[in-house]
Amino acid sequence: MKPEPDIDRDQLLELQRGTDMALNGLIERWERPLFAFAWRYVRQTADAHDLVAEVFVRLYQQRARLRPDTKLSAWLFTTLTNLCHNQHRWRHRHPTVSLDAATDAPSNAAGGPSPSDELERAESVVALDAALQRLPHELKTTLLLYHYEALSYREISEIMACSERGVETRLYRAKQKLRAELAAYLHETAGR
């Protein structure tokens with residue numbers, strides 16, 4: 001979703017003036033892209049919903065402190081990335097088993113992919129997801145914002161508090177780390 005600063009600014013001003021219904025408009029506009037990012041980061045549906053809800057709670061609590069020229073999209077994603085990072089660190093120290101399905105159920109429809117093709121695709125998705133989850137926070141967040149949220153270098157630099165060149169460097173490093181981690185997997189699958 002591309003930010004519309006005028007709409008965001010107007011709704012934020014309404015919220016600051018005491019029109020609590022303006023929060024509903026902001027939630028309606030931003031809930032889906034924030035949830036998509038949170039889910040890709042934490043890979044658990046319930047946690048992603050909780051994190052997004054916490055972002056909106058913090059927006060409501062901080063509404064009076066935000067300047068009128070605040071770029072709301074950057075504020076929302078910055079808050080969310082920090083919450084995701086904290087959640088990830090907490091989960092790393094307190095591991096649990098997710099009940100969320102990692103992949104879709106295989107298709108047995110005639111003319112569809114064979115079960116072995118589906119299994120190979122599922123294994124590839126799991127390997128990529130595992131490699132992505134092992135990336136450091138700054139690299140992972142930058143990669144998710146760029147490839148999945150389709151944000152520009154400028155927008156990501158505002159969220160990540162770095163230069164546009166820094167965004168480019170982080171993307172390069174993230175891709176290099178993914179290539180290195182997946183090289184063994186790709187070599188193994190090529191030998192099948």
Side-chain angles (χ1 to χ4, degrees), residues 1-5 8 12 26-27 29-62 65-67 69-96 98 100-103 124-183 185:
M1 174 178 153
K2 288 296 177 190
E4 296 181 37
D8 292 339
L12 179 58
L26 291 169
I27 291 171
R29 281 182 37 73
W30 286 104
E31 185 175 31
R32 178 174 270 154
L34 291 173
F35 174 80
F37 175 85
W39 187 87
R40 286 184 187 101
Y41 196 103
V42 299
R43 293 300 214 199
Q44 292 185 342
T45 303
D47 287 346
H49 281 296
D50 290 346
L51 291 166
V52 171
E54 180 64 22
V55 168
F56 290 115
V57 166
R58 290 183 182 201
L59 174 63
Y60 186 78
Q61 291 171 336
Q62 301 293 322
R65 293 185 184 143
L66 296 175
R67 295 187 341 234
D69 64 339
T70 297
K71 186 164 185 183
L72 193 60
S73 61
W75 189 93
L76 292 169
F77 273 105
T78 300
T79 302
L80 182 60
T81 60
N82 290 334
L83 290 170
C84 286
H85 184 56
N86 292 342
Q87 172 80 351
H88 177 74
R89 287 191 331 225
W90 191 89
R91 288 279 185 216
H92 184 70
R93 289 189 302 263
H94 306 89
T96 61
S98 171
D100 289 340
T103 60
S124 298
V125 168
V126 169
L128 177 60
D129 182 52
L132 185 63
Q133 294 304 318
R134 286 189 294 271
L135 285 176
H137 169 71
E138 292 80 18
L139 301 182
K140 178 179 173 181
T141 301
T142 304
L143 191 72
L144 292 175
L145 290 172
Y146 182 74
H147 283 289
Y148 292 102
E149 300 305 320
L151 297 181
S152 69
Y153 283 14
R154 176 171 287 157
E155 291 166 320
I156 296 169
S157 72
E158 292 172 358
I159 293 167
M160 299 300 296
C162 68
S163 67
E164 289 181 44
R165 179 74 175 153
V167 170
E168 185 176 358
T169 300
R170 288 176 183 185
L171 285 172
Y172 175 79
R173 288 181 182 159
K175 290 175 186 177
Q176 290 298 100
K177 283 186 173 284
L178 288 176
R179 271 191 206 98
E181 284 212 31
L182 294 174
Y185 172 78

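Hydrogens, waters and symmetry mates are skipped; everything else that's a heavy atom, side chains included, is used.
- The CD atom of E138 sits 9.5 Å away from the OG1 atom of T81 when rounded to the nearest 0.5 Å.
- Residue V55 forms a side chain to side chain contact (heavy atoms under 4.5 Å, CB included) with just one option from I27, D50, L34, and that option is L34.
- Side-chain atoms of L66 and L59, non-hydrogen and from C-beta on, do get closer than 4.5 Å to each other.
- For the pair Y146/I156, a side-chain contact is recorded, criterion being any heavy-atom separation below 4.5 Å from C-beta on.
- Between the CZ atom of R170 and the CG atom of L145 there is a distance of 10.5 Å, given to the nearest 0.5 Å.
- Residues V52 and W30 have side chains not in contact (no heavy-atom distance under 4.5 Å, counting atoms from C-beta outward).
- How far CZ of F77 is from CD of E149: 4.5 Å, rounded to the nearest 0.5 Å.
- Here CZ of R43 is found 6.5 Å from CG of L132. Values are rounded to the nearest 0.5 Å.
- The CG atom of L80 sits 10.5 Å away from atom CZ of R58, with the distance rounded to the nearest 0.5 Å.
- Considering all non-hydrogen atoms of both residues, P136 and K177 come closest at CD-CD, 4.2 Å.
- Side-chain atoms of T78 never come within 3.5 Å of backbone atoms of W75 as a donor-acceptor pair (strictly under, hydrogens ignored).
- Within a 6.0 Å sphere centred on CZ of R134, other residues, nucleotides and ligands contribute more than 12 heavy atoms.
- The CG atom of L51 sits 10.5 Å away from atom OH of Y41, with the distance rounded to the nearest 0.5 Å.
- Judged by distance alone, the side chains of Q176 and R179 do bring a donor and an acceptor atom under 3.5 Å apart.
- Minimum interatomic distance between C162 and V167 (heavy atoms only, all atoms of both residues): SG-CG2, 3.7 Å.
- Across all their heavy atoms, A131 and L182 have their closest contact at CB-CD2, 4.1 Å.
- When every heavy atom of C84 is checked against every heavy atom of A38, the shortest pair comes out as SG-CA, 4.0 Å.
- A salt bridge does not link R154 to E158: none of the charged nitrogens lies less than 4.0 Å from a carboxylate oxygen.
- Between H147 and K175 the shortest side-chain heavy-atom distance falls below 4.5 Å.
- Taking the side chain as every heavy atom from C-beta outward, L143 and L178 approach each other to under 4.5 Å.
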